[in-house]
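Single-structure report; data block below.
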Amino acid sequence: MTARHLRISGKVQGVGYRASFAAQARSLHLSGWVRNRTDGSVEAAVRGAPEAVEQMVAWSRRGPPGARVSDVVVASIDDAALPGDGFEVLATQ
């Protein structure tokens, strides 16, 4: 298992980015969470098989139709910090 923290910026709020991100993560059998940030970015943490996590990172650079991703900052995190099952959409922080 591997885990990554993502901070996505650009036009990523008001375009269904969080719901699409969660659906994509679930389809890849990843666990973790995604949320809007008050600065207009989206933040996420994902955990799963290394190839699935990398697919999620690649997807985050495109996003759903209507999104215009300008930057994705990716950092490795301890996979034990994330739950083993399920993917949540959290409240804005």
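Predicted model, so just to flag it, every value in this text is computed and none were measured. In this chain, numbering begins with 1 at the start of the sequence shown.
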Heavy atoms only: give me the nearest Val69-Arg61 pair and the separation to one decimal.
CB-O, 3.4 Å

Is there a path of hydrophobic side-chain contacts, each under 4.5 Å between heavy atoms of I/L/V/M/F/W/Y residues, joining Ile77 to Ile8?
no

Heavy-atom nearest pair, Gly48 first then Val53, reads N-CG2, 3.6 Å

Joint hydrophobic cluster, Tyr17 plus Met56, side-chain heavy atoms closer than 4.5 Å
yes

Between Ala3 and Leu82, which heavy-atom pair has the shortest distance, and what is it?
CB-CD1, 4.1 Å

Take Glu54 and Arg4 through the side chain to side chain contact (heavy atoms under 4.5 Å, CB included) test and state the conclusion after the steps.
CA-CA 9 Å; Glu54 292 311 311; Arg4 298 286 183 272; 3.8 Å; yes

Calculate, to the nearest 0.5 Å, the distance between atoms CD and CZ belonging to Glu43 and Arg7 respectively.
5.0 Å

Asp71 CG: over 12 foreign heavy atoms closer than 6.0 Å:
yes

Looking at CE of Met1 and CG of Leu30, how far apart are the two atoms once the value is rounded to the nearest 0.5 Å?
9.0 Å

What's the shortest heavy-atom distance between Thr92 and Arg37, and which atoms?
CG2-C, 4.0 Å

Where Ala44 and Val34 come nearest, the two heavy atoms and their spacing:
CB-CG2, 3.9 Å

Atom pair CH2 (Trp33) and NE2 (His5), whose distance is rounded to the nearest 0.5 Å
4.5 Å

Using the ring of each side chain (for Trp, its six-membered ring), is Phe21 parallel, tilted or perpendicular to Trp59, with breaks at 30° and 60°?
perpendicular

Looking only at heavy atoms, the pair that brings Pro64 and Ser20 closest together is CB-OG, 3.4 Å

State the CG-OG distance between Leu6 and Ser60, to the nearest 0.5 angstrom.
5.0 Å

Quick check: does any side chain N or O of Arg26 sit under 3.5 Å from a backbone N or O of Phe87, one acting as donor and the other as acceptor?
yes

Euclidean distance, Thr2 OG1 relative to Glu51 CD, rounded to 0.5 Å:
10.0 Å

Working to the nearest 0.5 angstrom, can you tell me the gap between Gln24 CD and Gln55 CD?
8.0 Å

